[in-house]
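Everything below concerns the one structure shown next.
Atoms within each ligand, like the ligands themselves, are counted from 1 in listed order.
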Amino acid sequence: MNFGLLINFPTDLPIKITKFATQIIYRRDTMQQVKLSENIYFLGFNDRRTHLFENIWPIPHGISYNSYLIVDEKVALVDTVERQFIDDYLEDIENILGGREIDYLIINHMEPDHSGAIKAIKGKYPNISLVGNKKTFGFVESFYFKPEKYLMVNDGDSLGLGKTNLQFYMIPMVHWPETMVTYDETHKIVFSGDAFGSYGTLDGGIFDDEINLDFYEIEVMRYFTNIVGKYCPHTQRAINKLAPLDIQMIAATHGPIWRTDLKWILTRYNKWSSYDLEMGVVIVYGSMYGNTKKMAEVIARRISERGIKNIRVYDASKTHSSYIINDIFKYKGFIVGSAAYNNAMFPNVEILLSTILHMGPKNHFLGIFGNYSWNGGGVKNLKDFAEKINWELVYDPIEERGALKQDKYDECLKLADAMADKLLNG
Ligand code: FEO
């Protein structure tokens with residue numbers, strides 16, 4: 001049964017219905033067009049299928065890929081989308097342009113979640129000029145094709161489209177070396193690439209004033225810490241570079257478009273990227289038989305008794321490092337415990353710590369502890385981590401063998417006290 005034939009559309013509905021044999025084809029040329037201004041269109045797609053962003057980071061609430069189309073005397077596309085959306089993306093563009101060509105494809109960032117449709121765009125609009133900086137086109141060649149028609153821009157360069165004037169600002173390593181932003185000085189919009197983006201699909205609401213920001217609070221921060229967190233100094237430089245601009249809207253390549261409460265996102269980015277940490281402790285353990293876990297529980301309880309309210313205890317085997325890293329970027333204390341595993345660290349703790357070393361967050365107090373049955377390996381490797389990360393170790397490492405006994409119990413209390421003292425008194 002074709003349910004489409006049973007639907008009785010009023011004739012004034014803006015939907016074109018074409019009868020083809022027994023099928024009805026609903027054309028997308030009446031799509032709900034979303035505009036940032038009278039001539040700037042939002043072209044975003046929600047991904048609710050992908051489980052792991054970059055095949056690493058969990059996205060249980062999905063993610064959006066946002067591209068933008070500026071229609072003026074000249075037409076410019078700002079970034080593209082992930083390649084799974086190419087067909088709909090090309091169709092949506094065609095429906096807006098109605099046969100017009102695209103003059104420029106502005107490439108703020110080359111990671112394939114945004115460059116995935118470049119080849120398709122070039123195929124459909126062969127006269128298009130790619131706009132990027134000196135680092136952009138090497139990426140284009142390595143991923144897709146050798147660009148022949150392109151415009152290389154430098155920091156502060158302008159490009160006029162008619163009434164709309166664009167400027168380009170380099171923000172390297174936010175998130176790749178070639179990354180730049182495009183500033184529409186006519187409409188005061190920054191097309192910011194990954195910067196100020198978020199995990200989480202856009203479930204109807206697209207602009208910040210259309211959504212409940214409580215939902216995005218953790219998704220914005222996880223996106224920052226997981227993807228851009230390694231590049232905090234670069235993010236600070238980017239914020240300072242953009243600060244003199246009159247910005248009334250921030251259009252990132254993921255998540256909501258910020259047009260009402262820009263302070264909400266800007267203050268958070270500034271705080272996170274400057275390692276402005278809150279009083280609190282993240283305690284992570286890797287435990288097979290519960291003995292390392294028991295030590296973590298003792299330490300957590302004592303820290304609570306000392307008046308610290310923000311304490312997050314994680315089992316490294318259960319909670320993905322995406323979430324733990326997020327809290328490490330939030331709280332100043334970090335205590336990690338590992339059982340020995342085949343003369344080495346517990347594997348899931350090792351994965352977390354290698355991620356922390358890779359991202360290199362700063363300004364933390366550190367405590368370490370562990371447990372073993374027949375040979376060491378956990379605490380030994382935690383000490384190596386402590387040396388590499390170079391955070392302030394608040395107490396000597398504690399290592400128990402098997403069940404927690406009185407002397408090491410007392411040591412756990414002392415470690416907790418040392419951490420509390422540091423947090424409370426600096
Ligand atoms: Fe959303 Fe670095 O790409």
Side-chain angles (χ1 to χ4, degrees), residues 42-68 77-86 89 105-119 121 130-133 135-140 142-144 168-182 190-202 206 216 218-235 237-239 242 250-258 265 268-269 272-273 322 325-326 329 355 358-359:
F42 167 78
L43 293 167
F45 292 87
N46 288 314
D47 180 356
R48 297 186 182 88
R49 288 190 172 189
T50 301
H51 290 273
L52 296 174
F53 187 69
E54 294 184 336
N55 211 20
I56 303 173
W57 309 107
I59 45 172
H61 300 295
I63 193 164
S64 72
Y65 310 101
N66 307 340
S67 167
Y68 302 93
L77 192 58
V78 183
D79 292 312
T80 71
V81 294
E82 214 268 348
R83 63 181 171 184
Q84 65 178 296
F85 300 103
I86 284 175
Y89 182 59
L105 170 54
I106 296 166
I107 304 170
N108 285 326
H109 181 27
M110 269 301 297
E111 193 167 8
D113 53 331
H114 311 297
S115 67
I118 284 181
K119 205 168 167 182
I121 289 288
L130 307 188
V131 180
N133 56 72
K135 293 185 177 162
T136 308
F137 304 111
F139 283 110
V140 176
S142 66
F143 276 106
Y144 305 112
F168 306 98
Y169 294 95
M170 308 301 127
I171 58 163
M173 304 318 298
V174 189
H175 149 230
W176 276 15
E178 88 301 357
T179 312
M180 64 183 197
V181 301
T182 299
V190 170
F191 299 99
S192 63
D194 280 346
F196 314 114
S198 176
Y199 292 146
T201 49
L202 295 168
I206 291 168
Y216 287 93
I218 187 169
E219 295 301 75
V220 167
M221 186 173 186
R222 272 202 320 124
Y223 185 80
F224 172 79
T225 58
N226 294 180
I227 307 302
V228 189
K230 180 176 173 63
Y231 305 110
C232 286
H234 305 79
T235 305
R237 283 195 281 277
I239 290 171
L242 300 179
I250 297 173
T253 45
H254 302 287
I257 298 170
W258 306 91
I265 186 72
R268 280 164 176 75
Y269 256 68
W272 301 331
S273 61
S322 167
I325 287 281
N326 218 45
F329 268 85
T355 307
H358 172 75
M359 293 189 168

Task: Criterion ring-ring contact (aromatic ring centres under 6.0 Å, His included) on Phe139 and Trp176, from CA distance to verdict - done: CA-CA 10 Å; Phe139 283 110; Trp176 276 15; 5.2 Å; yes
Task: Name of the Asp194 atom (N/O/S only) found closest to atom 1 (Fe) of ligand 1 - done: OD1
TODO: Starting from atom 1 (Fe) of ligand 1, look over the N/O/S atoms of His254 and name the nearest one.
DONE: NE2
Task: Which N, O or S atom of Asp113 lies nearest to atom 1 (Fe) of ligand 1, by name - done: OD2
Task: Check: His114 main-chain N/O paired with Thr80 side-chain donor or acceptor under 3.5 Å - done: yes
TODO: Check the angle between the aromatic planes of Phe85 and Tyr65 and answer parallel, tilted or perpendicular using the 30° and 60° thresholds.
DONE: tilted
Task: Metal site angle (apex atom 2 (Fe) of ligand 1), ND1 from His175 and OE1 from Glu111, 10 degrees - done: 80°
Open item on the list: Is His109 close enough to atom 1 (Fe) of ligand 1 that one of its N, O or S atoms comes in under 2.8 Å?
Closed with: no
Open item on the list: Could you check whether Glu219 and His61, counting side-chain N and O atoms only, form a donor-acceptor pair closer than 3.5 Å?
Closed with: no
Task: His175 and Tyr231 aromatic ring geometry - parallel, tilted or perpendicular at 30°/60° bounds - done: tilted
